Amino acid sequence: MHRHIPPHLPADGAPGSLTLEDWDALARSGLFAGTTAEQRLLVEPFACTRHLAHGAFLLQPGEANTNIYVLVEGQLGAYRDAATQRMLARFVPGDAVGEHALIGQDGGTVYVAAQWPSRLIVLNAAALRTVIDAVPRVAINVLDMLSERLRAMNLRLEPDEQTESMDFMATHDAVTGLHNRRWMSDAFQSEIAQSQQGAAAAPDADGHRSLRSFQPGIGPQCRRCHLAPARRPDPAGVARY
């Protein structure tokens, strides 16, 4: 006899099925700060709930995102690198995540994962834009949230990381991620300098053939020196010029 095993997480809710706790989370969210209950009811036709297991990803860099999420229960963490698990931000009930979806669907630049089993309200960004037309205060709140989040992330960056980030942007193409013409120019000059120093003066004590063996006419005042080994092309030396 087949026995039904209930899932670990509750089923996600359908649009229009928000609970009183969900509405309270929306009221406390910075996304709807300064709005009335009647104005918040405008999202009821398309607002639904989603449950996220511990450790599950909500957002990933480069992954298309069409929703804004408001945390009702649990806790989320934002990470730049999923491997190192270094946290950039923590989200608690009432916080909104994914507000960049109002600007475009290209996705963010960090990983957002559940630190605890979490319950979220899902708001479709396209539908929320129509609400913003009737409630401009929401647009102002989004700008405030983006500005505060950017400021907080900049403060969390250590000086070495800020320098590394600036160096990367200065030497890499923003579209492809390949090295740009500035890197190529610097690398080219560096290769020329290394080639000129390749035949560095060194005593011929190990029995290798030297420049003198190829050029008998070199006078005794010139020290014998080894030929530089041939340099293989660097597979990383690809640039968008």
Side-chain angles (χ1 to χ4, degrees), residues 9 12-80 87-156:
L9 295 174
D12 294 338
S17 61
L18 299 187
T19 65
L20 290 177
E21 185 181 7
D22 297 332
W23 287 112
D24 181 61
L26 286 181
R28 291 185 287 107
S29 171
L31 183 62
F32 291 97
T35 62
T36 65
E38 292 74 15
Q39 290 173 327
R40 291 190 292 273
L41 280 173
L42 294 175
V43 306
E44 185 174 21
F46 58 87
C48 59
T49 56
R50 175 180 174 184
H51 295 84
L52 207 62
H54 171 258
F57 287 111
L58 177 67
L59 301 172
Q60 299 190 57
E63 187 176 75
N65 174 48
T66 60
N67 300 312
I68 298 175
Y69 304 89
V70 177
L71 186 60
V72 180
E73 298 176 357
Q75 183 170 288
L76 305 175
Y79 309 87
R80 182 189 306 169
M87 188 182 302
L88 297 175
R90 179 182 289 109
F91 303 99
V92 297
D95 287 344
V97 185
E99 62 276 5
H100 57 269
L102 284 169
I103 302 173
Q105 301 179 11
D106 294 338
T109 57
V110 298
Y111 295 88
V112 177
Q115 294 182 300
W116 301 341
S118 301
R119 172 185 172 91
L120 306 104
I121 299 171
V122 184
L123 302 171
N124 180 266
L128 187 59
R129 288 177 70 94
T130 64
V131 173
I132 290 178
D133 292 338
V135 190
R137 178 56 189 263
V138 176
I140 297 175
N141 292 340
V142 170
L143 291 175
D144 289 342
M145 292 166 58
L146 289 172
S147 176
E148 180 180 354
R149 196 155 295 167
L150 181 61
R151 187 183 307 112
M153 291 182 66
N154 286 337
L155 290 176
R156 286 178 179 270

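What you are looking at is a predicted structure, and each value in this text was computed from that prediction instead of being measured.
The shortest non-hydrogen separation linking C48 to P15 is CB-N, 3.7 Å. Minimum interatomic distance between A125 and A101 (heavy atoms only, all atoms of both residues): CB-O, 3.6 Å. Taking both residues in full, the closest heavy atoms of A78 and F91 are given as CB-CE1, 3.8 Å, listed atom of the first, atom of the second, then distance. Between A114 and L76, the shortest heavy-atom distance links the atoms CA-CD2, 3.6 Å. What you find for L26 and F32 is that their closest heavy atoms are O-CB, 3.5 Å. S118 and G74 make their closest contact through OG-CA, 3.7 Å (heavy atoms, listed as atom of the first residue, atom of the second, distance).
One distance of note links CD of E99 with CG of L31; it measures 8.0 Å at 0.5 Å rounding. Considering CZ of R119 and CG of L52, their distance stands at 13.0 Å, rounded to 0.5 Å. To the nearest 0.5 Å, atom CG of residue N67 and atom CG of residue N124 are 5.5 Å apart. Separating the CG atom in L59 from the OG1 atom in T109 is a distance of 10.5 Å, to the nearest 0.5 Å. Summarising the geometry, atom OG1 belonging to T36 is positioned 11.5 Å from atom CZ belonging to R137; distances are rounded to the nearest 0.5 Å. Once rounded to the nearest 0.5 Å, the distance linking CG of L143 with CD1 of I103 reads 7.5 Å.
Residues forming a side-chain hydrogen bond (donor to acceptor under 3.5 Å, both in side chains) with Q115 (at least two apart in sequence, or on another chain): Q75, Y79. For the salt bridge (Lys or Arg N to Asp or Glu O under 4.0 Å) test, no residue two or more places apart in sequence or in another chain qualifies with D95.
With hydrogens and angles disregarded, a donor-acceptor distance shorter than 3.5 Å links the side chain of S29 to the backbone of G94. At distances below 3.5 Å, at least one donor-acceptor pair connects side-chain atoms of N141 with backbone N or O atoms of A33. Using modelled atom types, one side-chain atom of D22 and one backbone atom of T19 make a donor-acceptor pair closer than 3.5 Å.
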Q.
Could you go through T35 and R40, starting from their C-alpha distance and side-chain angles, then the distance that decides it, and tell me whether this counts as side-chain hydrogen bond (donor to acceptor under 3.5 Å, both in side chains)?
A. CA-CA 7 Å; T35 62; R40 291 190 292 273; 3.2 Å; yes

Scan the side chains in residues 126-134 for donor-acceptor partners under 3.5 Å anywhere in the protein, sequence neighbours excluded, and list what turns up.
residue, atom, partner, partner atom, Å
R129, NH1, L102, O, 2.4
T130, OG1, A127, O, 2.4

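For the pair V138/Q39, no side-chain contact is recorded, criterion being any heavy-atom separation below 4.5 Å from C-beta on. Two residues are said to be in side-chain contact when any heavy atoms from C-beta on lie closer than 4.5 Å; Y69 and V122 meet this criterion. Between E44 and W23, some side-chain heavy-atom pair lies under the 4.5 Å cut-off.
Tested against Y111, the residues R80, E63, Q60 include a single side-chain contact (heavy atoms from CB on, under 4.5 Å) partner, Q60.
Side-chain N/O atoms of S147 and D144 include no donor and acceptor closer than 3.5 Å.
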